[in-house]
Amino acid sequence: FLVSKKVLITGATDGIGLETSKRLVAAGHHVLIHGRSESKLAMARETLSSQSDAVESYLADLSNLNDVDTLAEQVRQRHDKIDVLINNAGVLKTANPIAPNGIDVRFMVNTLAPYRLTRKLQGTVGSTGRVVNVSSAAQAPVNLKAMAEGTRLDDMDAYAQSKLAITMWTMALASEPGAPMLVAVNPGSLLASKMVKEGFGIAGSDLGIGADILFRAAVDDEFEAATGRYFDNDSRQFASPHADASDPRKIEEVVGTIEQILASLGASND
């Protein structure tokens, strides 16, 4: 007997996001897909709607904080409750690595936008819901100054720092009273996503490997008590992330910097 869950997944128009959405829809869940390209979003919705009419689509550019806030507001207006938020959208390489707001796009999309979206939807997800944050095996110590000031970093370094940062704030929010289940997941290294093709010039492994673990983290019982943990799908088990993600002082610094950046961009978490 399946209890259909409402699942919002960002970056759902291709790659692991689209594959995960297909599995969720096939399993009878109500899926809210997000994308930043209107045409790709329409195509993804059409693909998924052929399986089910329990599909909604939301357009937003996560490098723009106003779009993040609008996305959260649209979801809140349509739903009193969603069961799962999967923060999947991510950027590795881009022609313009510094967003118009002066922040590196990797930090903006991979770290700050999901933090903001999670905060905005925390009441909608509630203490019984889940937040699944897509991390990576690539994790590097966060240069707080670079994150706050849009210092030029090379692509892989910016990406690895942004992925450690999302892993660190996952731990911070998981420790708050009444928080949903929050887990950081490395879906698998070098899977056949557009990002891997662009970043490494290789075809990559089966996307299904990543989609399977995100599906499980979203709806399976095995993740019910996974809050504040890191799942490494390369080793197929819960594991230790980068040591910084176990250091309360460093976590506090990263979260404090995220809050400062968002406040400077004229944002509140209400």
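FYI, the numbering just counts along the sequence from 1.
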Check residues 85-92 and write down every donor-acceptor pair under 3.5 Å in which the side-chain atom is one partner and the other belongs to a residue at least two apart or another chain.
from, atom 1, to, atom 2, distance (Å)
Asn87, ND2, Thr118, OG1, 3.0
Asn87, ND2, Asn133, OD1, 2.8
Asn88, ND2, Thr10, O, 3.1
Asn88, ND2, Gly11, O, 2.9

**Request:** Please list, chain by chain and in numerical order, all residues satisfying side-chain contact (heavy atoms from CB on, under 4.5 Å) with Ala172, sequence neighbours excluded.
**Result:** Ile251, Val255
**Message:** Donor-acceptor pair, distance only, cut-off 3.5 Å: does the side chain of Ser49 make one with the backbone of Glu46?
**Reply:** no
**Request:** Report the residues that fulfil salt bridge (Lys or Arg N to Asp or Glu O under 4.0 Å) with Arg216, sequence neighbours left out, ordered by chain and then residue number.
**Result:** Glu222
**Neighbour count above 12 (heavy atom, 6.0 Å) for Glu224 CD** = no
**Request:** Output all residues satisfying side-chain contact (heavy atoms from CB on, under 4.5 Å) with Ala165, sequence neighbours left out; order by chain, then residue number.
**Result:** Thr111, Val142, Val254
**Message:** Checking Ser57 against Arg45: is there a side-chain donor and acceptor pair closer than 3.5 Å?
**Reply:** yes
**Request:** Determine which pairs satisfy salt bridge (charged side-chain N to carboxylate O under 4.0 Å, His left out) with at least one residue from residues 143-152, sequence neighbours left out, and list them in order.
**Result:** Lys145-Glu149
**Prompt:** Angle class for the Phe223/Phe238 ring planes (parallel below 30°, perpendicular above 60°, tilted otherwise)?
**Reply:** tilted
**Asked** By salt bridge (Lys or Arg N to Asp or Glu O under 4.0 Å), which residues pair with Asp220, not counting sequence neighbours?
**Response** none
**Prompt:** With distance as the sole test, does Thr124 use its side chain to make a donor-acceptor pair with the main-chain N or O of Asp80 at under 3.5 Å?
**Reply:** no
**Residue pairs passing the salt bridge (charged side-chain N to carboxylate O under 4.0 Å, His left out) test where at least one lies in residues 56-66, sequence neighbours excluded** = Glu56-Arg78
**Item:** Glu73, CD atom: more than 12 neighbouring heavy atoms under 6.0 Å
**Value:** yes
**Message:** Between His242 and Thr167, is there a side-chain heavy-atom distance shorter than 4.5 Å?
**Reply:** no
**Complete:** Sorted by chain and residue number, the side-chain contact (heavy atoms from CB on, under 4.5 Å) partners of Thr70 (sequence neighbours excluded) come out as Gln74
**Request:** Give a yes or no answer on whether the side chain of Asn233 reaches the backbone of Pro187 with a donor-acceptor pair at less than 3.5 Å.
**Result:** yes
**Asked** Pairs in or reaching into residues 235-249: which pass salt bridge (charged side-chain N to carboxylate O under 4.0 Å, His left out), with residues at least two apart or in two chains?
**Response** Asp244-Lys250, Arg249-Glu253
**Prompt:** Does Glu38 CD have over 12 foreign heavy atoms under 6.0 Å away?
**Reply:** no
**Request:** Quick one: which residue pairs count as a ring-ring contact (aromatic ring centres under 6.0 Å, His included) with a foot in residues 49-86, not counting sequence neighbours?
**Result:** His30-His79
**Under the side-chain hydrogen bond (donor to acceptor under 3.5 Å, both in side chains) test, residues paired with Thr257 that sit two or more places apart** = none
**Request:** Would you please name every residue forming a side-chain contact (heavy atoms from CB on, under 4.5 Å) with Asp154, sequence neighbours left out?
**Result:** Met156, Asp157
**Asked** Is the backbone of Val7 close enough, under 3.5 Å, to the side chain of Asp83 for a donor and an acceptor to pair up by distance?
**Response** no
**Prompt:** Going through the checks in order, is the side chain to side chain contact (heavy atoms under 4.5 Å, CB included) test met by Ile166 and Lys163?
**Reply:** CA-CA 5 Å; Ile166 192 173; Lys163 288 300 185 181; 4.3 Å; yes
